[in-house]
There are 2 protein chains.
Amino acid sequence: MEKYRQLNIKLTPQRLAILRYLEGNKEHPSAERIYKSVQKEFPTMSFATVYNTLEALKNIGNVQELKIDPSKKRYDPDMSNHHHLICKKCKSILDVYKDFKISLPDDLAGGFDILGNNIEFYGICEKCR
Amino acid sequence: MEKYRQLNIKLTPQRLAILRYLEGNKEHPSAERIYKSVQKEFPTMSFATVYNTLEALKNIGNVQELKIDPSKKRYDPDMSNHHHLICKKCKSILDVYKDFKISLPDDLAGGFDILGNNIEFYGICEKCR
DNA sequence: CTATCTGCAAACGTTTTGCATCTGT
DNA sequence: ACAGATGCAAAACGTTTGCAGATAG
């Protein structure tokens, strides 16, 4: 509770439950996964609240939306600079903690100010091989 | 027509129209964009046919599905190894043709067979700055 | 006290499906 | 001839919205 006060958002019990679910979570959960989990504690929990909370957390930079899955949004509470390695078969996701320091030559940047990059590695995981 | 015969899929007039629309297309169009364009030529064209054709083209490796846009799938007929640079403001997309030869050290690969990677650069484009 | 959040249900945009009919090969 | 494609409408799916009532600060 105390640790979340600094976020400067209204801390409802539902939001706290979502924050606790997300803390340290490496599953890159979808809204539904979050909903189902938090619903155990709050049977009346609604999707609106999940999405509303995720939106609030995104805005304060506490959570990021991942584009890893074409069929649904995934969320990641890990805001550190990291990349993802995805199994082509089972779609499992592994975090990759390394700064690759890729710089895009000016002639390829088309006048853009480059702010950053995100690498998606893909391959076949041990289990699927 | 002849040039598409090698694809080994049934070439209907609708599919040819979609293939022609996609050929050399750098817009990373959504299904709707494709639909709207091809519909001019085929007023009876349906989304089912667009999605069906895209699915067929994906399967033969003629088109790829992009995860660039969280709200809808985008399609890219460019199957060469390339990356994307996206404007955070206007969401415009620029192709980046360069092989960055990023190799993931074994200790970070978690037992995966790495097959490749895709980099999303983000920044602010000239117009938006 | 009041600005904001919750929960519900309805609405939305995208993608998929079932099925009768049609068509490329 | 027939496997497979088309077109239509309905359904499915993830996400967003409107609103009345509840609640954190």
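Residue numbers start from 1 in every chain, and the chains themselves are labelled A, B, ... in the order their sequence lines are given, proteins ahead of strands.
- At a threshold of 4.0 angstrom between heavy atoms, the contacts of Pro13(B) are confined to the sugar-phosphate backbone, with no base atom among them.
- Each end of the helix from dC1(C)-dG25(D) to dT25(C)-dA1(D) yields a helix axis from five base pairs, and these two axes differ in direction by 50° (to the nearest 10 degrees).
- Side-chain nitrogen and oxygen atoms of Gln14(B) include at least one within less than 4.0 Å of the OP1 or OP2 phosphate oxygen of dG7(D).
- Cluster note: Ile86(B) groups with Leu66(B), Ile68(B), Ile93(B) through ILVMFWY side-chain heavy atoms spaced under 4.5 Å, whether in direct contact or through intervening members.
- The side chain to side chain donor-acceptor pair (under 3.5 Å) analysis of residues 99-124 of chain A, with sequence neighbours excluded, yields the pairs Glu120(A)-Lys67(B).
- Within the structure, every side-chain polar atom (N or O) of Thr12(A) is placed at least 4.0 Å from both OP1 and OP2 of dA24(D).
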Write down the protein N/O and nucleotide N/O pairs, taken from nucleotides 8-14 of chain C, whose separation is under 3.5 Å; answer none if there are no such pairs.
{"from": "dC8(C)", "atom 1": "OP2", "to": "Thr44(A)", "atom 2": "O", "distance (Å)": "3.0"}

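- For Tyr51(B), the side chain to side chain contact (heavy atoms under 4.5 Å, CB included) partners at least two apart in sequence or on another chain are Ala31(B), Phe47(B), Tyr75(B).
- For Ser37(A), the side chain to side chain contact (heavy atoms under 4.5 Å, CB included) criterion is met by Tyr21(A), not counting sequence neighbours.
- Chaining together hydrophobic side chains whose heavy atoms lie under 4.5 Å apart places Val96(A) alongside Leu85(A), Leu94(A), Phe100(A), Ile102(A), Leu104(A), Leu108(A), Phe112(A), Ile114(A), Ile119(A), Phe121(A), Leu85(B), Leu94(B), Val96(B), Phe100(B), Ile102(B), Leu104(B), Leu108(B), Phe112(B), Ile114(B), Ile119(B), Phe121(B).
- The side chain to side chain donor-acceptor pair (under 3.5 Å) analysis of residues 81-94 of chain B, with sequence neighbours excluded, yields the pairs His28(B)-His84(B), Asp76(B)-His82(B), Asp76(B)-His84(B), His82(B)-His84(B), His82(B)-Asp95(B), His84(B)-Asp95(B).
- Under the 4.5 Å side-chain criterion, counting only non-hydrogen atoms from C-beta, Lys73(B) is not in contact with Ser71(A).
- Here Glu55(B) pairs with Lys58(B), Asn59(B) under the side chain to side chain contact (heavy atoms under 4.5 Å, CB included) rule; sequence neighbours left out.
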